[in-house]
Amino acid sequence: MSTNTDNHAHAGREKDAHTGRETTGHEWDGIKELNTPLPKWWLYTFYACIAFALVYTVLYPAWPSLHSHTKGVLGWTRRDTVKSELDTRQQALAPLKAKLLATPIGDVEKDPELRGYVQAAGHIAFAENCAACHGAGGAGGKGFPNLADDDWLWGGTPEQILQTVTYGVRNSNPDSRVSDMPRFGADGLLTKEQINDVAEYVLSLSNTGTDKAAAGRGAQVFADNCAACHGDKGDGNPDVGAPRLNDAIWLYGGDKATVVQTITYARRGSMPAWSERLDPATVKLLAAYVHTLGGGK
């Protein structure tokens with residue numbers, strides 16, 4: 001069995017016979033350690049980096065503290081630079097914003113310059129403010145309308161879209177769009193049997209019903225309670241935000257259980273009044289962009 005012998009105590013140094021390099025005097029199991037110092041250029045670079053770091057921490061913000069950080073003798077911050085760049089960008093866009101505000105919303109897409117601005121800047125504004133609910137491409141989701149089709153609760157003209165974006169839907173703004181569907185089941189306006197029948201009738205309007213007898217009975221219930229808003233044939237009414245019921249496009253779902261739930265408890269989705277959060281140019285920009293998504297009228 002071999003023994004690991006540490007001959008650290010070798011005081012004398014010698015040159016290695018194979019490499020010609022000087023040894024450190026250390027030897028382990030017959031293996032001698034060569035004295036191979038780091039190249040001077042590497043050491044000088046290392047020292048220069050240390051010196052640079054020390055100078056940097058003096059000149060610029062560097063060391064964190066409990067509530068703040070060292071400011072640096074130059075007083076420079078990246079935030080100031082970003083603000084300056086944003087201000088410069090805003091100044092460059094100011095003429096386009098002014099032109100957008102001065103142009104009737106219905107004429108924006110007719111102007112090539114404004115149309116390009118809407119496509120570029122509107123996409124960013126939509127992503128920052130609307131995509132969380134309506135999706136990146138405006139396709140919507142359960143409870144959030146699809147903005148890229150031809151089905152509109154409050155109308156799809158540029159003017160109607162601008163009104164909706166500006167004041168929102170069912171919020172505290174006095175000009176908010178408001179519609180209030182009765183809770184036919186929760187408030188005892190209809191019996192469970194009537195709700196079942198009218199649900200079948202509503203589904204039959206888009207050829208998805210399964211019980212013709214119930215749909216036949218529900219036709220009269222619909223005429224008495226729903227037609228005033230949704231129309232005799234379920235065509236909807238954008239003046240009061242009543243959705244169309246005969247196109248198989250559903251905001252909350254088109255299966256019978258969901259339709260029954262909607263009739264029983266109603267739906268009262270809300271949208272903020274963006275005029276309370278964004279400047280007028282951005283609000284108009286968003287409305288114009290939504291109209292270009294493909295479903296505008």
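The analysis underlying the following values was restricted to heavy atoms, covering all of them including side chains, and did not include hydrogens, waters or symmetry mates.
- Residues T262 and M181 meet the side-chain proximity criterion, which asks for heavy atoms closer than 4.5 Å.
- The hydrophobic cluster containing L54 does not contain F52, counting ILVMFWY residues as joined when their side-chain heavy atoms lie under 4.5 angstrom apart, directly or transitively.
- Side-chain atoms of H230 come within 3.5 Å of backbone N or O of P243 as a donor-acceptor pair.
- Screening residues 69-81 for side chain to side chain donor-acceptor pair (under 3.5 Å) gives S68-K71, W76-T81, T77-D80 as the qualifying pairs, with residues at least two apart or on separate chains.
- Around the CZ atom of R21, the shell of radius 6.0 Å holds no more than 12 heavy atoms that belong to other residues, nucleotides or ligands.
- Note: L147 CG to C130 SG = 8.0 Å, rounded to the nearest 0.5 Å.
- The hydrophobic clustering, which links ILVMFWY residues whose side-chain heavy atoms are closer than 4.5 Å, places L203 and I249 apart.
- Closest approach of V108 to A288, counting heavy atoms only: CG1-CB, 4.2 Å.
- Considering only heavy atoms from C-beta on, N225 stays 4.5 Å or farther from V198 through its side chain.
- Tracing side-chain contacts under 4.5 Å through hydrophobic residues (I, L, V, M, F, W, Y), one never reaches L251 starting from F144; they form parts of separate clusters.
- Judged by distance alone, with hydrogens and angles left aside, the side-chain atoms of N129 form a donor-acceptor pair with the main-chain N or O of A125 at under 3.5 Å.
- No side-chain heavy atom of E200 sits under 4.5 Å from any side-chain heavy atom of R217.
- A heavy-atom distance below 4.5 Å is found between the side chains of T292 and Q119.
- Here the side chains of Y201 and S204 are in contact, with some heavy-atom distance below 4.5 Å.
- Rounded to the nearest 0.5 angstrom, K284 NZ and T103 OG1 are separated by 6.0 Å.
- A donor-acceptor pair under 3.5 Å is absent between the side-chain atoms of S176 and the main chain of S172, judged by distance alone.
- Linking Ile, Leu, Val, Met, Phe, Trp and Tyr residues whenever their side-chain heavy atoms come within less than 4.5 Å leaves L34 and I31 in two separate clusters.
- For the side chain to side chain donor-acceptor pair (under 3.5 Å) condition, the pairs that include at least one residue of residues 234-252, sequence neighbours left out, are D235-N246, R244-N246.
- Side-chain atoms of T88 come within 3.5 Å of backbone atoms of S84 as a donor-acceptor pair (strictly under, hydrogens ignored).
- Under the 3.5 Å distance criterion, the side-chain polar atoms of Q261 are left unmatched by any main-chain donor or acceptor of A257.
- Distance check, rounded to the nearest 0.5 Å: CZ of R170 to CG of D180 gives 7.5 Å.
- At least one side-chain heavy atom of N173 sits under 4.5 Å from a side-chain heavy atom of E276.
- Side-chain contact between D187 and P182 is absent, with no heavy-atom pair separated by less than 4.5 Å.
- A chain of hydrophobic side-chain contacts below 4.5 Å, direct or via other Ile, Leu, Val, Met, Phe, Trp or Tyr residues, connects I263 to L189.
- The backbone N or O of S275 lies less than 3.5 Å from no partner atom in the side chain of T166, so there is not a single donor-acceptor pair.
- Contacts classified as salt bridge (Lys or Arg N to Asp or Glu O under 4.0 Å) and involving residues 30-58 (residues at least two apart or in different chains) are given here: E14-K32.
- A donor-acceptor pair under 3.5 Å is formed between the side chain of N171 and the backbone N or O of M271.
- Counting only residues at least two apart or on different chains, no ring pair (Phe, Tyr, Trp, His ring centres under 6.0 Å) pair has a member in residues 158-191.
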* Asked: Under the side-chain contact (heavy atoms from CB on, under 4.5 Å) criterion, do L286 and L278 qualify, and how do the steps go?
  -> CA-CA 10 Å; L286 282 171; L278 303 173; 3.6 Å; yes
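- For the atom pair L205 CG and F222 CZ, the distance stands at 6.0 Å (nearest 0.5 Å).
- The closest donor-acceptor contact from the side chain of D279 to the backbone of T282 lies under 3.5 Å.
- Counting heavy atoms from C-beta on, the side chains of W152 and P238 never come closer than 4.5 Å.
- Under the 30°/60° scheme for interplanar angles, the aromatic rings of W28 and H26 are found to stand perpendicular.
- In terms of heavy-atom proximity, A242 sits nearest to C229 at CB-O, 3.3 Å.
- Residue K99 holds its NZ atom at 4.0 Å from CD of E113, rounded to the nearest 0.5 Å.
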* List the steps, then state whether side-chain contact (heavy atoms from CB on, under 4.5 Å) holds for V118 with L285. => CA-CA 6 Å; V118 166; L285 176 69; 4.0 Å; yes
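- At distances below 3.5 Å, not a single donor-acceptor pair connects side-chain atoms of R183 with backbone N or O atoms of A266.
- Screening residues 112-138 for ring pair (Phe, Tyr, Trp, His ring centres under 6.0 Å) gives F126-Y289 as the qualifying pairs, with residues at least two apart or on separate chains.
- Taking both residues in full, the closest heavy atoms of D149 and N146 are given as OD1-O, 3.1 Å, listed atom of the first, atom of the second, then distance.
- The salt bridge (charged side-chain N to carboxylate O under 4.0 Å, His left out) check on R177 picks up nothing, with sequence neighbours excluded.
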